[in-house]
There are 2 protein chains.
Amino acid sequence: MNPKQMERFLKTIGDQSRLQLLKALEQKPLCICDLNTLLDVSQPAISQHMHRLKSDEIVLNERRGRWVFWSLNDSHPHYLLLQELLKLLPVPTIECSQEENRCK
Amino acid sequence: MNPKQMERFLKTIGDQSRLQLLKALEQKPLCICDLNTLLDVSQPAISQHMHRLKSDEIVLNERRGRWVFWSLNDSHPHYLLLQELLKLLPVPTIECSQEENRCK
DNA sequence: TGAATATATAAGTCTTAGCTTATATGCTAT
DNA sequence: ATAGCATATAAGCTAAGACTTATATATTCA
């Protein structure tokens with residue numbers, strides 16, 4: 001891994017919004033609308049953050065009907081390192097909507 | 001540790017220049033003029049990078065005569081984590097000047 | 001003291017990143 | 001098919017960051 005690649009990885013996870021999103025996904029897969037209750041930013045902002053994380057293969061996504069569920073990619077080469085970092089963060093409060101059994 | 005603090009830490013180490021500087025210091029303490037041979041940037045740029053690292057207590061510095069020697073702070077709370085990251089980087093070529101036994 | 005060397009600081013430029021609002025697309029169910 | 005909800009994309013704004021050059025400060029030594 002060269003310095004430029006490591007910079008890219010660290011910049012992707014080195015954002016307080018994305019860190020909180022990742023921490024929330026540590027518990028279970030969530031859709032954008034659930035993640036949206038976590039941070040005080042717009043829906044497009046959440047979507048953009050998740051796509052940034054996906055472009056580095058740190059998260060995976062999967063459409064289920066109207067919703068797209070996002071999860072941590074435990075096959076990422078630095079998944080263990082990421083876990084170490086997330087351990088240091090407080091567990092966020094997710095207002096996970098109950099309707100339609102979205103949060104399986 | 002809150003998300004903002006972790007963001008700060010990751011942004012401080014999440015720069016390809018600073019990563020290479022840190023990797024060089026893994027070997028031994030070095031002064032700005034030696035570190036300057038490592039990267040293709042100006043002397044003030046190196047100085048600014050080192051002060052950014054120092055402001056987060058990732059490195060220490062110590063003046064010895066005309067030179068200021070910089071070293072990794074192995075007492076930093078995330079020193080182990082940093083070591084894990086640096087392991088992934090290639091060892092850089094440092095043109096360490098021999099004069100005056102600077103590189104002890 | 002003053003020249004030479006090492007480092008730090010100041011100020012300005014340019015790019016990137018994280019947001020916003022507006023709008024488009026995708027899916028479901030009536 | 002169309003309304004409604006979930007998500008994505010586009011475009012633009014603003015601030016932060018990584019550099020530059022110019023200059024100031026610190027230290028040594030003749």
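Since this is a predicted model, take the numbers as computed values, not measurements. Note on naming: letters A, B, ... go to the chains in the order of the sequence lines (proteins, then strands), and numbering restarts at 1 for each one.
From B:Leu53, atom CG reaches atom CG of B:Leu72 across 9.0 Å, with rounding to the nearest 0.5 Å. Atoms SG and CD1, from B:Cys31 and B:Ile46 in turn, are 11.0 Å apart once rounded to the nearest 0.5 Å.
As a whole-Å value, the separation of A:Asn36 CG from C:dT20 C1' is 14 Å. Rounded to a whole Å, the CE atom of A:Met50 is 14 Å from the P atom of C:dG18. The CG atom of B:Leu10 sits 14 Å away from the P atom of D:dG17 (whole-angstrom rounding). The nearest whole Å value for the distance from the CD atom in B:Glu62 to the P atom in C:dA8 is 13 Å. Following rounding to the nearest Å, B:Trp67 (CH2) and C:dA4 (P) show an atom-to-atom distance of 16 Å. In this structure, A:Asp56 places its CG atom 11 Å from P of C:dA17, rounding to the nearest Å. With rounding to whole Å, A:Asp40 atom CG is found 13 Å from C:dT20 atom C1'. In this structure, CG of B:Leu39 is placed 12 Å from C1' of D:dA18, rounded to the nearest angstrom.
You'll find the side chain of A:Lys28 stays beyond 4.5 Å of the side chain of A:Phe69, heavy atoms only.
Counting only distance, with no hydrogens or angles, the side chain of A:Lys23 and the backbone of A:Leu86 share a donor-acceptor pair below 3.5 Å. Side-chain atoms of A:Gln5 come within 3.5 Å of backbone N or O of A:Asn2 as a donor-acceptor pair.
Pairs of residues two or more places apart, or lying in two chains, that qualify as salt bridge (charged side-chain N to carboxylate O under 4.0 Å, His left out) and include a residue from residues 2-11 of chain B are B:Lys4-B:Glu7, B:Glu7-B:Lys11, B:Arg8-B:Asp56.
Candidate nucleotides D:dT7, C:dT28, C:dA6 were compared by shortest atom distance to the side chain of A:Arg66, and C:dT28 ranks first. Distance from the side chain of A:Ile32 is smallest to D:dA8 among D:dC5, D:dA8, C:dT20.
The stretch residues 11-21 of chain A comes close to DNA chain C through A:Asp15, A:Ser17, A:Arg18, each having a heavy atom under 4.0 Å from the strand.
Side-chain N/O atoms of A:Thr12 and A:Arg52 include a donor and acceptor closer than 3.5 Å.
Checking B:Arg52 against A:Arg63, the closest nucleotide of DNA chain D that is more toward the 5' end is the one next to A:Arg63.
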Give each protein N/O atom lying under 3.5 Å from an N/O atom of nucleotides 9-13 of chain C, with the pair distance.
residue	atom	partner	partner atom	Å
C:dA10	N6	B:Gln48	NE2	3.4

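B:Phe9 and B:His78 have tilted rings, their planes meeting at an angle from 30° to 60° on a 0 to 90° scale.
Residue B:Ile58 is tested with B:Asn73, B:Leu82, B:Leu25 for a side-chain contact (heavy atoms from CB on, under 4.5 Å); the sole match is B:Leu82.
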